**Q** 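Please read through the structure below; I'll follow up with questions.
Residue numbers start from 1 in every chain, and the chains themselves are labelled A, B, ... in the order their sequence lines are given, proteins ahead of strands. Bear in mind the structure is a predicted one, so any value in this text is a computation, not a measurement.
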Amino acid sequence: MCNWRNEVRTIFVLGFPSDVKERELQNLLRWWPGYEASQMNFKCDQPMGFALFSTVAMAMAARDALQNLVFDADTNSVLRAEMAKKNLFVKRGVAGDPCISFDGSKRMRTGGGDYSPAPYSAPYPSTYLTQPMTSPTPAWAPQTYGLPQPQYDQYGAYVAPQPLPITPSGYAPVQNTKDNPPCNTLFIGNLGEAVNEIELRALFSGQLGFRQMKVLRQGKNIVCFIEFLDVNSAMLVHTNLQGAVLSTSDRGGMRIQYPHNVYVYIYLISSKL
DNA sequence: AGCACA
């Protein structure tokens with residue numbers, strides 16, 4: 001039998017406040033490498049979260065990152081995460097972009113969970129799932145194709161390549177209704193499919209107070225976290241570049257938000273993902 | 001320690 005299909009790559013999360021919404025779990029995990037689907041179960045006395053990942057290793061990484069996470073300071077909710085006993089059941093053949101077409105009526109399942117071979121709509125090419133974890137360029141790795149070779153200073157420390165600064169080719173209104181409180185990190189969404197790290201770095205590294213950034217690719221979706229030295233710098237860029245259109249933009253301007261949970265970014269930037 | 005959905 002194909003063992004990997006049956007391996008548990010679902011995490012079980014407890015410790016949410018009783019008024020937690022399913023969307024909150026989704027938004028917390030949506031850009032996590034390997035995230036495929038999640039569900040909140042309210043039938044017991046406390047909400048129980050389940051989230052399916054592409055591989056066991058990715059599930060374990062997410063589990064470790066969620067461990068002891070302060071989900072809600074007001075209610076003192078601290079998360080506890082474990083590997084689940086069984087995989088989250090995922091409806092097959094659920095088409096569409098789970099990140100855009102959330103129907104709200106029923107939990108979103110991104111498909112491809114209870115695997116039979118054919119129509120497969122998980123956010124990863126099925127070939128990816130058969131690749132070993134040591135694959136040099138997994139689908140979710142930051143896009144660095146075509147970047148210059150790594151540069152090192154006289155002390156041997158890595159110096160991120162600094163492309164020539166660019167300015168947006170224009171601005172388009174973006175819907176940004178669900179933002180979060182200002183912090184020193186920005187979350188960039190609604191980028192074009194063809195966007196790459198060079199272009200993003202060329203735009204953001206020239207901004208006042210820029211510290212570092214992390215580009216994430218999940219299937220067709222590319223998102224980016226930008227960290228600034230302080231909240232003011234982030235707020236300036238949040239305003240000034242909101243709706244900025246790049247040469248690669250294919251769905252309007254970029255949406256700039258404060259991240260729902262900065263711990264996700266901190267984890268990503270400090271890991272080698 | 002508490003693990004559901006189909």
**Q** What is the distance, rounded to the nearest whole Å, between atom CZ of A/F12 and atom P of B/dG2?
**A**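 It works out to 9 Å between those atoms.
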**Q** If you look at every strand shown and take non-hydrogen atoms under 4.0 Å, does A/M40 touch a base, only sugar-phosphate, or nothing?
**A**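 It contacts nothing in the nucleic acid.
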**Q** If you count heavy atoms of other groups shown closer than 6.0 angstrom to CG of A/L229, is the number above 12?
**A** yes
**Q** Expressed as a whole number of angstroms, how long is the span from A/L52:CG to B/dA6:P?
**A**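 So the CG-P distance, A/L52 to B/dA6, works out to 16 Å.
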**Q** Between atom CG in A/N87 and atom C1' in B/dA6, what is the gap in whole Å?
**A**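 The distance from CG of A/N87 to C1' of B/dA6 comes to 13 Å, rounded to the nearest Å.
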**Q** Check for me whether the distance between the ring centres of A/F187 and A/F225 falls short of 6.0 Å.
**A** yes
**Q** Considering residues at least two apart in sequence or located in another chain, which fulfil the ring-ring contact (aromatic ring centres under 6.0 Å, His included) criterion with A/F16?
**A**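 Partners of A/F16 under the ring-ring contact (aromatic ring centres under 6.0 Å, His included) test: A/F71.
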**Q** Separation of A/E82 atom CD from B/dC3 atom P, in whole Å?
**A**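 Distance check: A/E82 CD to B/dC3 P gives 10 Å.
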**Q** Side chain of A/K86 only, heavy atoms from C-beta on: which candidate in B/dA4, B/dA6, B/dG2 is closest?
**A**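 For the A/K86 side chain, the nearest candidate turns out to be B/dA6.
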**Q** Check the phosphate of B/dC5 against A/K43, side-chain N and O only, distance under 4.0 Å to OP1 or OP2. Yes or no?
**A** yes
**Q** List the atom pairs, with distances to 0.1 Å, where a side-chain N or O of residues 77-84 of chain A and a protein N or O form a donor-acceptor pair under 3.5 Å, not counting sequence neighbours.
**A**
{"unit_1": "A/S77", "atom_1": "OG", "unit_2": "A/D72", "atom_2": "O", "d": "3.4"}
{"unit_1": "A/S77", "atom_1": "OG", "unit_2": "A/T75", "atom_2": "OG1", "d": "2.9"}

**Q** Could you check how far CG of A/L88 sits from P of B/dA4, rounded to whole Å?
**A** 12 Å
**Q** Choose from B/dC3, B/dA1, B/dC5 the nucleotide whose nearest atom is closest to any side-chain atom of A/Q39.
**A** B/dC5
**Q** To the nearest Å, how far apart are A/K91 NZ and B/dA6 P?
**A** 9 Å
**Q** If I take atom CG in residue A/L25 and atom C1' in nucleotide B/dC5, what distance separates them, rounded to the nearest angstrom?
**A**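 So the two atoms are 14 Å apart, to the nearest Å.
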**Q** Between B/dC3 atom C1' and A/R80 atom CZ, what is the distance in whole Å?
**A** 13 Å
